[in-house]
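I'd like to ask some things about the structure below.
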Amino acid sequence: MSHAATQTPELLAFSKDIRSLELSPLWERTVSQKPGTPCEPHIWRWADVEPLLLKACDLIDKKDAERRVLMLENPALRGQSFVAQTLFTGLQIILPGEVAAAHRHTPNALRFVMKGEGAYTSVAGERAMMHPGDFIVTPNWSWHDHGNIGKEPVVWMDGLDSAFTRFFGATFREDYPSETQPLYLAEGSSAAAYGSALLPVDFKPADGASPILRYPYERTREALEHLVRNQPLHASHGAKLRYANPANGKYPFPTMAAFMQLLPKGFAGRPWRSTENTVFNVAEGRGVATILGKTFDFGPHDIFVAPSWCDYAFVAQEDCVIFSYTDRPAQEATGFLREEQL
Ligand code: 1HN
């Protein structure tokens, strides 16, 4: 039970006096003890953002920007570089011929490829070409560099758990001594070793990030189509799959989960809420998301955020394929996760 303490002059004086010793009375605490955060639902529309990414290419040279990234900041967190209290979202653009130099850092990073062909990312000695709809894993502290050897600009979404490393005071980063790292694994190595429901004989399950570098879109899309044809839809999520870490059956990162869902044309989902903070990225289709009573029309490449405990529901005007990532593994590990259909 919480109630305000009776404010006697002695008590007021006491509370004031102890401030100089960096002490504060719990009985006067005003911070929220409810679910949810100050963050607001918000949408970043491709029609607004794409021209700005191209403009940034004119204004910022690759030599001046280690990564040419526009950060998606929650309106309630201006200047703090996060899309929600626990998640970072950026949009990165790389032009033909450019290289984003090799470095590593303690935050884990995911990429969701949005537009263009011809870019690659190299992670821990292996290179993967990036194709729209691919989900790519950059485990924490692994060297990574990107490049564009094609003929058109390439854009992807970066999702990082840097809010966690900032929270813990555990953010470290290093530049690699040369612009690109040496490649000591053939392209496709991680897919061959871990990506076919097979594992190397001497493999020991581990709790880190997924050993699969790239989860290709065509396979994800095929799996979703099969699901839609053969299984009943979830009342809120339609057909939804989570990207699995084959090493332990859990998530691609200890902190972040990633999903892809298909909402068939005409789908009208029941509202859902979760303490997960969720960033959605529309791969295909048009629809409407209602988040905390606000309606957001969405189309391909739009990104929207449903912060913790904001109820959301989808209506699909066309077949929609939507990628998302959340802080679910961290909340499951701590026992904090709660979710419900409304
Ligand atoms: C980073 O290393 C990348 O490697 C992208 O492409 C975005 C945001 C914050 C910190 C590091 C990248 C990032 C980042």
Side-chain angles (χ1 to χ4, degrees), residues 44 49 52-53 56-57 60-74 77-116 118-132 134-150 153-181 183 209-210 213-214 252-253 255-256 258 277 279 281 303 305 323 325 327:
W44 290 263
V49 172
L52 302 176
L53 287 167
C57 293
I60 287 282
D61 199 84
K62 209 74 206 76
K63 289 182 257 327
D64 302 324
E66 190 188 5
R67 300 287 192 264
R68 194 186 289 107
V69 174
L70 294 182
M71 300 186 291
L72 280 60
E73 288 191 332
N74 194 281
L77 298 178
R78 281 201 185 144
Q80 294 180 52
S81 73
F82 296 129
V83 73
Q85 282 191 172
T86 54
L87 298 172
F88 173 99
T89 306
L91 281 170
Q92 182 157 174
I93 184 164
I94 185 161
L95 296 176
E98 288 183 337
V99 167
H103 70 192
R104 64 180 178 181
H105 38 67
T106 44
N108 292 281
L110 65 83
R111 327 272 168 212
F112 181 67
V113 186
M114 294 171 64
K115 193 171 176 189
Y120 66 83
T121 184
S122 297
V123 180
E126 180 180 343
R127 187 164 102 166
M129 294 308 294
M130 302 169 93
H131 305 286
D134 289 355
F135 164 62
I136 289 168
V137 171
T138 308
N140 88 328
W141 210 239
S142 54
W143 296 112
H144 54 284
D145 51 274
H146 324 297
N148 185 340
I149 53 176
V154 176
V155 177
W156 65 80
M157 177 175 74
D158 294 305
L160 281 87
D161 59 3
S162 45
F164 288 85
T165 62
R166 189 184 299 178
F167 184 67
F168 290 125
T171 307
F172 295 82
R173 75 174 299 289
E174 265 179 22
D175 287 315
Y176 195 76
S178 52
E179 194 175 43
T180 57
Q181 65 181 301
L183 300 173
S210 172
L213 170 53
R214 168 175 171 262
F253 304 99
T255 43
M256 294 185 291
N277 294 275
V279 175
N281 187 317
I303 299 176
V305 60
F323 174 85
Y325 71 101
D327 52 16

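Numbering of ligands and ligand atoms starts at 1, following listing order.
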Problem - Non-hydrogen atom of His103 closer than 4.0 Å to ligand 1 - result: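 Under 4.0 Å: yes for His103.
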
Handout entry: Sole candidate of Asn108, Thr106, Thr86 that passes side chain to side chain contact (heavy atoms under 4.5 Å, CB included) when paired with Asp161
Key =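 Checked Asn108, Thr106, Thr86 against Asp161; only one passes side chain to side chain contact (heavy atoms under 4.5 Å, CB included): Asn108.
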
Problem - Side chain proximity check, Asn277 to Phe82, heavy atoms < 4.5 angstrom - result: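 A side-chain contact under 4.5 Å is absent here.
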
Problem - Identity and distance of the protein heavy atom lying nearest atom 6 (O) of ligand 1 - result: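 Ranking protein heavy atoms by distance from atom 6 (O) of ligand 1, first comes His146 NE2, 2.7 Å.
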
Problem - Tyr120 side, atom OH; His131 side, atom NE2 - distance, nearest 0.5 Å - result: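 Between atom OH of Tyr120 and atom NE2 of His131 there are 14.5 Å.
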
Handout entry: Donor-acceptor side-chain pairing of Trp156 and Asp158 below 3.5 angstrom
Key =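 Yes, side-chain donor-acceptor contact under 3.5 Å.
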
Practice task
Measure Arg104 to ligand 1 on non-hydrogen atoms and call it side chain, backbone, both or neither using the 4.0 Å cut-off.
Solution key: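 Looking at Arg104 and ligand 1, no heavy atom falls under 4.0 Å.
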
Problem - Nearest candidate to atom 7 (C) of ligand 1, where distance is taken over non-hydrogen atoms, out of Val123, Thr89, Asp158 - result: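 Selected option, by shortest heavy-atom distance: Asp158.
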
Problem - Carboxylate-amine/guanidinium proximity below 4.0 Å for Arg104 and Glu174 - result: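 Salt bridge between Arg104 and Glu174, a charged N being under 4.0 Å from a carboxylate O: yes.
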
Problem - Within reach of ligand 1, part of His144 (heavy-atom separation under 4.0 Å) - result: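 Looking at His144 and ligand 1, just side chain atoms fall under 4.0 Å.
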
Practice task
Return the orientation label for the His103 and His144 ring planes: parallel under 30°, perpendicular over 60°, tilted otherwise.
Solution key: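 Rings of His103 and His144: perpendicular, over 60°.
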
Problem - Shortest protein contact, atom 12 (C) of ligand 1 (heavy atom only) - result: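 So the nearest neighbour among protein heavy atoms is Arg67 NE, 2.9 Å.
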
Exercise for the section: If you have a sec, work out which protein heavy atom is nearest atom 1 (C) of ligand 1 and how many Å separate them, to one decimal? Expected result: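 The protein heavy atom lying closest is His105 NE2, 3.6 Å.
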
Problem - Side-chain donor/acceptor of Glu98 to backbone N/O of Asn148, under 3.5 Å - result: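 Such a contact is absent between Glu98 side chain and Asn148 backbone.
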
Exercise for the section: Return the residue, atom name and 0.1 Å-rounded distance of the protein heavy atom closest to atom 8 (C) of ligand 1. Expected result: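 Atom 8 (C) of ligand 1 sits closest to the protein heavy atom Phe88 CZ, 3.5 Å.
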
Exercise for the section: Heavy-atom distances under 4.0 Å are what count here, so tell me which part of Leu160 touches ligand 1: side chain, backbone, both or neither. Expected result: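 The answer is the side chain of Leu160.
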
Problem - Any Met71 heavy atom less than 4.0 Å from ligand 1 - result: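 Judged by the 4.0 Å heavy-atom criterion, Met71 does not count as contacting ligand 1.
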
